[in-house]
A.B. asks: 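Structure in structure tokens, see below.
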Amino acid sequence: MKYDIKDINLADKGKMRMEWVERNMPVLRLIKDRFAKEKPLKNIKISACLHITAETANLFLALKTGGAEVLGCASNPLSTQDDIAAALVKYHDIPIYAIKGEDMKTYYSHIMKALDFHPQVTMDDGADLVSELHKNRKDQISELIGSSEETTTGVIRLKAMEKDGALKLPVLAVNDSSTKHMFDNRYGTGQSTLDGIIRATDMLIAGKKFVVVGYGWCGKGLASRARGMGASVVVVEVDPVRALEAVMEGLEVLHMNEAMKVADVAVTVTGGKHSISLEHMKMAKNGAIFANAGHFSVELDYEGLTKSAKKKKVREYIEEFTFKNGKKVYILAEGRLINLAAAMGHPAEVMDMSFANQALAAEWFVKNRNDLSPQVYRIPQEMDSEIARLKLEAMGVTIDQLTAEQKKYLSSWKEGT
Ligand code: NAI
């Protein structure tokens with residue numbers, strides 16, 4: 001079996017960590033148990049371009065148990081957990097192409113390896129694999145049943161492709177399922193982004209002016225967690241409804257130019273480009289710290305800053321930039337996803353639901369393979385509800401059910417005051 005990982009000797013550590021997180025992934029376990037009996041993915045080749053973490057490893061095992069042949073490659077050059085990559089290769093015979101810190105050339109060569117596998121189903125986190133397929137491997141598109149997409153940014157890219165008529169295969173927007181973005185983006189990114197910032201800096205969050213740029217699902221989670229740790233949170237938004245929501249949550253909403261004057265820490269989670277621009281960083285206070293938790297590093301103009309200020313590495317994950325006037329700002333993890341670069345990504349409890357969606361998405365593709373066309377599909381509502389039901393059951397939470405009379409009342413228009 002061919003693979004490209006950092007060090008196979010890290011496998012034992014990775015195996016232990018995979019087993020530890022598995023305890024907190026009960027929904028994926030239930031799906032895996034069913035897959036073991038039904039083998040819905042028999043003879044299906046799956047290439048998954050995802051963050052190679054302990055939670056992802058458990059998704060790969062569920063897919064393999066369902067009968068699939070699985071290959072994994074990184075969806076970000078800095079997010080790979082090298083011990084997990086080693087454990088998947090050594091103990092589970094799953095080829096992995098991912099090395100933490102790989103350069104862009106290696107990153108894309110690994111994606112090509114995932115395409116050399118000739119998958120019938122692909123999984124993406126940011127749409128890089130599907131994008132390479134459309135740009136460089138058009139001849140392979142007809143081999144694919146479909147591809148599922150994990151994150152907001154990827155869904156935006158794929159919808160843009162669909163609108164342009166450029167999308168040539170069916171896609172399932174896993175991100176848009178409620179059991180994904182309401183939990184993974186909000187609670188997962190909220191907690192793990194703070195974890196990444198704290199691990200990188202060892203700073204006290206309490207008492208800091210903490211600027212959250214983008215008050216979407218990720219931004220809401222981050223703002224609430226930072227406030228919970230005692231920070232004074234400022235939100236920057238471009239969408240009036242979201243900005244209003246932040247105001248009514250009791251948060252301060254400021255224009256970016258004003259926010260920059262007070263920020264001790266500023267984090268971008270917009271999915272856009274240069275949401276923290278060079279000009280913004282020039283406006284910042286001396287000593288301000290910047291990080292990105294959005295999918296692509298372009299959210300923060302790291303390149304522009306590198307050209308305009310003198311760079312010095314001051315500790316792992318922290319670079320100091322000194323402008324000509326002597327002002328210093330600090331960038332964490334080169335502007336890449338801070339929660340995956342400096343911490344361990346999302347906790348297993350939320351990835352349990354995200355990856356339950358991914359596992360069921362693969363099964364859905366196989367079941368519906370003859371009825372699909374090139375477009376971005378939503379996860380069926382029943383699948384979403386089933387995942388939430390299983391999660392509640394695993395957490396020992398019982399909920400109520402509508403009575404027949406209540407159902408009738410809610411579906412009729414005749415009964416009023
Ligand atoms: P969302 O669409 O719910 O929220 C984004 C928000 O940013 C919107 O409210 C939008 O109005 C705002 N925004 C856009 N441009 C802005 C600008 N220049 N200034 C201020 N606000 C701006 O998206 P979501 O789900 O919160 O995702 C955000 C990003 O985080 C995406 O790139 C997504 O892929 C990524 N993501 C990262 C994760 C991680 O592990 N770090 C996990 C999940 C998503």
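Every number for a ligand or one of its atoms is a count from 1 in the order of the listing. Sequence positions, counted from 1, serve as the residue numbers for this chain.
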A.B. asks: Which is closest to atom 23 (O) of ligand 1 by heavy-atom distance: Thr189, Ile156, Thr152?
C.D. replies: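 Selected option, by shortest heavy-atom distance: Thr152.
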
A.B. asks: Considering the heavy atoms of Ser275, write down every atom of ligand 1 situated less than 4.0 Å from one of them.
C.D. replies: 18 (N)

A.B. asks: Can you classify the ring geometry of Phe321 versus Tyr302 as parallel (below 30°), tilted (30 to 60°) or perpendicular (above 60°)?
C.D. replies: perpendicular

A.B. asks: Suppose we measure from atom 33 (C) of ligand 1 to each protein heavy atom; which comes out shortest, and what is that distance?
C.D. replies: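 Going by distance alone, atom 33 (C) of ligand 1 is nearest to Thr151 OG1, 3.5 Å.
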
A.B. asks: Identify whether NZ of Lys or CZ of Arg in Lys45 sits under 6.0 Å from the centre of the six-membered ring of Phe117 and within 45° of that ring's axis.
C.D. replies: yes

A.B. asks: Taking Lys310 first and then Glu319, would you say they form a salt bridge - that is, a charged N and a carboxylate O separated by under 4.0 Å?
C.D. replies: no

A.B. asks: List the closest protein heavy-atom neighbour of atom 37 (C) of ligand 1: residue, atom name, distance to the nearest 0.1 Å.
C.D. replies: Ala293 O, 3.2 Å

A.B. asks: Is it the case that atom CD in Glu303 sees more than 12 heavy atoms from other parts of the structure closer than 6.0 Å?
C.D. replies: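 No - once you tally the heavy atoms of other residues, nucleotides and ligands closer than 6.0 Å, there are 12 at most.
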
A.B. asks: Run down the list His181, Arg242, His255, His280 and name the one with the heavy atom closest to atom 1 (P) of ligand 1.
C.D. replies: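 That would be Arg242.
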
A.B. asks: Quick one: does Gly219 get an N or O within less than 3.5 Å of an N or O on ligand 1?
C.D. replies: no

A.B. asks: Pull out every atom of ligand 1 sitting under 4.0 Å from any heavy atom of Asn185, numbered as shown with elements.
C.D. replies: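 Those qualifying, in numeric order: 25 (O), 43 (C), 44 (C).
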
A.B. asks: Taking atom CD1 of Ile399 as the centre, does the number of heavy atoms from other residues, nucleotides or ligands within less than 6.0 Å exceed 12?
C.D. replies: no

A.B. asks: Quick one about Thr53 and Gln81 (side-chain donor to acceptor, distance below 3.5 Å, no hydrogens or angles considered), yes or no?
C.D. replies: no

A.B. asks: Output all residues satisfying side chain to side chain contact (heavy atoms under 4.5 Å, CB included) with Val238, sequence neighbours left out; order by chain, then residue number.
C.D. replies: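 Not a single residue meets the side chain to side chain contact (heavy atoms under 4.5 Å, CB included) criterion with Val238.
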
A.B. asks: Tell me: protein heavy atom nearest atom 11 (O) of ligand 1, and distance?
C.D. replies: Glu237 OE1, 2.8 Å

A.B. asks: Of all the non-hydrogen atoms in the protein, which one sits nearest to atom 4 (O) of ligand 1, and at what distance?
C.D. replies: Gly216 CA, 3.1 Å

A.B. asks: Would you mind listing which atoms of ligand 1 come within a distance below 4.0 Å of any non-hydrogen atom of Val213?
C.D. replies: 19 (N), 20 (C)

A.B. asks: Can you confirm whether more than 12 heavy atoms, excluding those of Gln191, are under 6.0 Å from its CD atom?
C.D. replies: no

A.B. asks: Starting from atom 28 (C) of ligand 1, which protein heavy atom do you reach first, and at what distance in Å?
C.D. replies: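 The protein heavy atom lying closest is Val269 O, 3.5 Å.
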
A.B. asks: Of all the non-hydrogen atoms in the protein, which one sits nearest to atom 22 (C) of ligand 1, and at what distance?
C.D. replies: Thr270 CG2, 3.4 Å

A.B. asks: Does the side chain of Ser79 come within less than 4.5 Å of Lys100's, by heavy atoms?
C.D. replies: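 Sidechains of Ser79 and Lys100: no contact.
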
A.B. asks: Inspect the surroundings of NZ in Lys6 and state if more than 12 heavy atoms from other residues, nucleotides or ligands are less than 6.0 Å away.
C.D. replies: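 Count not over threshold, so no.
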
A.B. asks: Starting from atom 35 (C) of ligand 1, locate the nearest protein heavy atom and write down its residue, its atom name and how far away it is, to 0.1 Å.
C.D. replies: His295 N, 3.6 Å

A.B. asks: Quick one: which ligand 1 atoms are inside 4.0 Å of a heavy atom on Leu337?
C.D. replies: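 Counting from 1, the qualifying ligand atoms are 39 (C), 41 (N).
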
A.B. asks: Could you tell me whether Lys39 atom NZ has more than 12 heavy atoms of other residues or ligands within 6.0 Å of it?
C.D. replies: yes

A.B. asks: If we count only N and O atoms by modelled type, under 3.5 Å, do the side chains of His274 and Glu299 hold a donor and an acceptor together?
C.D. replies: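 Result is no, nothing qualifies.
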
A.B. asks: At the 4.0 Å heavy-atom cut-off, does His346 count as touching ligand 1?
C.D. replies: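 It does; at least one heavy atom falls under 4.0 Å.
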
A.B. asks: Is there a heavy atom of Gly272 sitting under 4.0 angstrom from any atom of ligand 1?
C.D. replies: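 The answer is no: ligand 1 sits nowhere under 4.0 Å from a heavy atom of Gly272.
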
A.B. asks: If you count the atoms of ligand 1 from 1 in the order shown, which ones are under 4.0 Å from a heavy atom of Gly294?
C.D. replies: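 Within the 4.0 Å cut-off of Gly294, ligand 1 contributes 29 (C), 30 (O), 32 (O), 35 (C).
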
A.B. asks: Please list the nearest protein heavy atom to atom 39 (C) of ligand 1 with its residue and the distance rounded to 0.1 Å.
C.D. replies: Asn339 ND2, 3.4 Å

A.B. asks: With respect to atom 21 (N) of ligand 1, which of Ala127, Ala246, Gly214 exhibits the smallest heavy-atom separation?
C.D. replies: Gly214

